Every structure is written in structure tokens, then in C-alpha cells.
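Working notes, beginning with the structure itself.
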Amino acid sequence: MLIDGKQMHIQITKGQVGRYVILPGDPGRCQKIAQYFDQPEKLAENREYTVYTGFLDGERVGVCSTGIGGPSAAIALEELAECGADTFIRVGTSGGMQDHVKTGDICIATAAIRQEGTTREYLPIEFPAAANFDVTLALRDAAQNLGYRYHTGVVQSKDSFYGELRPEKQAIAAQLQAQWMAWKAGGALTSEMETAALYIVGAVLGVRCGAVLNVIWNADNDAADTIPPDATERGVRAAVEALRLLIARDR
């Protein structure tokens, strides 16, 4: 759906961002991410969507915010794919679930638990929300190259932020707490809100998606004031380095 030749929500046209796009949730992070590009340029700002473009190693790349949650992330992915992008890396914040997943670590999501509603309108719940292998491998290699403490594995995607933070206040407290313990028992690394939607929509569209999540606290063990000052930057640097690796490997 186009308005004056532009995508309805992200407000750009085909070819403006190139194949490779980084997807933060927060619009305020887009300019900071774009500063890692050569010749960064702001293309659009509409609702929760802020879009920049630039170049990495001579290849046009982009950054587009997705807002909070699966519905707005799905819209961004759909419209970016319409504009010609085919490789996406989500960069976001998350709350660690396992005791060994510490504040300041990064988690590379190989798959996501579909505890949200958006993906049910794309594929049956039995279909797994899995990352693209090439993107995941590039993120792992990037984390190793940068010397970051990282984890790879399954993450939890949900719709209710406060359902995680204070489940005891919800009407279905027992169900939420039981699910949380089940996800932990299965080894889920960290909790966030968009990855499952991106992986499922990406599967339907036939594009490559991966995700790297900054752990800004451990949901069971840490206080919010323990967040290191560069915690949200580690995932960004890993994503940029991963794009460089993908560009070189794709060539």
C-alpha cells in the first residue's frame, strides 16, 4: 500500500535502504546506529518508524526502528521487504532469564518462543520462529571478533512488558509464573518482545532475519541500577560487524 509512492508507514520508496537493515525498537537509537555508517542520511520519521540509510564497505545499508511489540515490527519488515531489503538484524534490549546470563552480556537468538499474538496471523503455532543460519553465524563471529561475552540459544517473545515484570498483579498470575518457570527450565536465555514476530514474518516473506539482544538486567537476579553504561551499544556494534561479514560473504 503506497501513499504518494511511499510505503504507508515507514515512508520510503524501493531502493532507498539497500539489502541490509538493522532493526532497533527505539526510534531514538536510529541516529546513533547510523553513525556507524558512511554518509549517513535520515530518510523518514513517521509514528514509531525512523529510517536512516548509509554505506558499509561500499554497500548501501539501512536502519529502521520498529517500535514496541510484534504488530509494529511486522509492519516494518513487510514494508522494508517491499522496498527491496532482504537481510535484517534486530538489535534490542532484554531481561536475562538464566542465572548465567548477566547484565551486559549479549544474546544471539537462534529461535524465539511465540508467546505473542502477531505470528498467529501468519503461521500456525506449531511452526517454529527460527533465525536464519547465515545471519546467526555472522552475529556469533562478530561477537567473538569484538571480544564480547555472548550466548546463543532460544529467547522468549511476549506481548506484555509488565506481565513479565510483575506477573503477581495480573489476573492470570499463576499461568504467567508457571510459563516463566517452564521457559527457564527449557533453557530460554532472555525475554523481549519482537524477535518471534520478525522470524515468522521473515519466513513467510522469504527474507533473512537474525537478532542480537543486549541484556540490560537479569529479570530474576539484578536491580535496574546495575546496567553498565555501554550495555545497549554492544549489540549495536555486533550487528554492524555482522553486516560487514555478511556483505563480504554474500559477495
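Computed from a prediction, not measured in an experiment: that's the story for all the values here.
You'll find the side chain of Val63 stays beyond 4.5 Å of the side chain of Val21, heavy atoms only. Residues Ile89 and Leu139 meet the side-chain proximity criterion, which asks for heavy atoms closer than 4.5 Å. Using a 4.5 Å heavy-atom threshold, the side chains of Ile216 and Ser94 count as separate. You'll find the side chain of Gln16 stays beyond 4.5 Å of the side chain of Thr53, heavy atoms only.
By the ring pair (Phe, Tyr, Trp, His ring centres under 6.0 Å) test, His151 is found to be paired with His100, residues two or more places apart in sequence or in another chain being considered. Listed by chain and number, the residues in a side chain to side chain contact (heavy atoms under 4.5 Å, CB included) with Ala109 are Val155, Thr195, Tyr199, Ala211 (sequence neighbours excluded). For Thr50, the side chain to side chain contact (heavy atoms under 4.5 Å, CB included) partners two or more places apart in sequence, or in a different chain, are Pro27, Cys30, Lys42, Glu45, Tyr52, Ser65. Residues satisfying the side chain to side chain contact (heavy atoms under 4.5 Å, CB included) criterion with Asp86, sequence neighbours excluded, are Arg19, Val207. By the side chain to side chain contact (heavy atoms under 4.5 Å, CB included) test, Glu48 pairs with Ser72, sequence neighbours left out.
Side chain of Asn132 to main chain of Val135: a donor-acceptor pair is present (N/O by atom type, distance under 3.5 Å, no hydrogens or angles).
In this structure, Leu43 is a member of the same hydrophobic cluster as Ile10, with clusters built from ILVMFWY side-chain heavy atoms closer than 4.5 Å.
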For the pair Glu164 and Ser191, evaluate side chain to side chain donor-acceptor pair (under 3.5 Å) and give the outcome as yes or no after the intermediate values. CA-CA 8 Å; Glu164 172 201 334; Ser191 178; 3.0 Å; yes
Check the pair Val61 / Val17 against side-chain contact (heavy atoms from CB on, under 4.5 Å), numbers first and verdict last. CA-CA 5 Å; Val61 296; Val17 292; over 6 Å; no
Let me see the working for Glu82 and Gln7 under side chain to side chain donor-acceptor pair (under 3.5 Å), right down to the final yes or no. CA-CA 8 Å; Glu82 286 287 330; Gln7 294 293 321; 4.7 Å; no
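Within the structure, the salt bridge (charged side-chain N to carboxylate O under 4.0 Å, His left out) test picks out the following pairs touching residues 130-141 (sequence neighbours left out): Asp141-Arg249. Residue pairs satisfying the salt bridge (charged side-chain N to carboxylate O under 4.0 Å, His left out) criterion with at least one member in residues 59-80, sequence neighbours excluded, are listed as follows: Glu59-Arg251. Pairs of residues two or more places apart, or lying in two chains, never qualify as salt bridge (charged side-chain N to carboxylate O under 4.0 Å, His left out) while including a residue from residues 61-74. Listed by first and then second residue, the ring pair (Phe, Tyr, Trp, His ring centres under 6.0 Å) pairs involving residues 14-35 amount to none (not counting sequence neighbours). Sorted by first and then second residue, the ring pair (Phe, Tyr, Trp, His ring centres under 6.0 Å) pairs involving residues 118-146 (not counting sequence neighbours) form an empty list. Within the structure, salt bridge (charged side-chain N to carboxylate O under 4.0 Å, His left out) contacts touching residues 105-119 (residues at least two apart or in different chains) are Asp105-Arg149. Note on residues 74-93: no pairs pass ring pair (Phe, Tyr, Trp, His ring centres under 6.0 Å), not counting sequence neighbours.
No hydrogens or angles considered: nothing links the side chains of Gln156 and Trp180 as a donor-acceptor pair under 3.5 Å.
The cationic group of Arg47 does not satisfy the cation-pi geometry with Tyr49, failing either the under 6.0 Å distance to the six-membered ring centre or the 45° limit from the ring axis.
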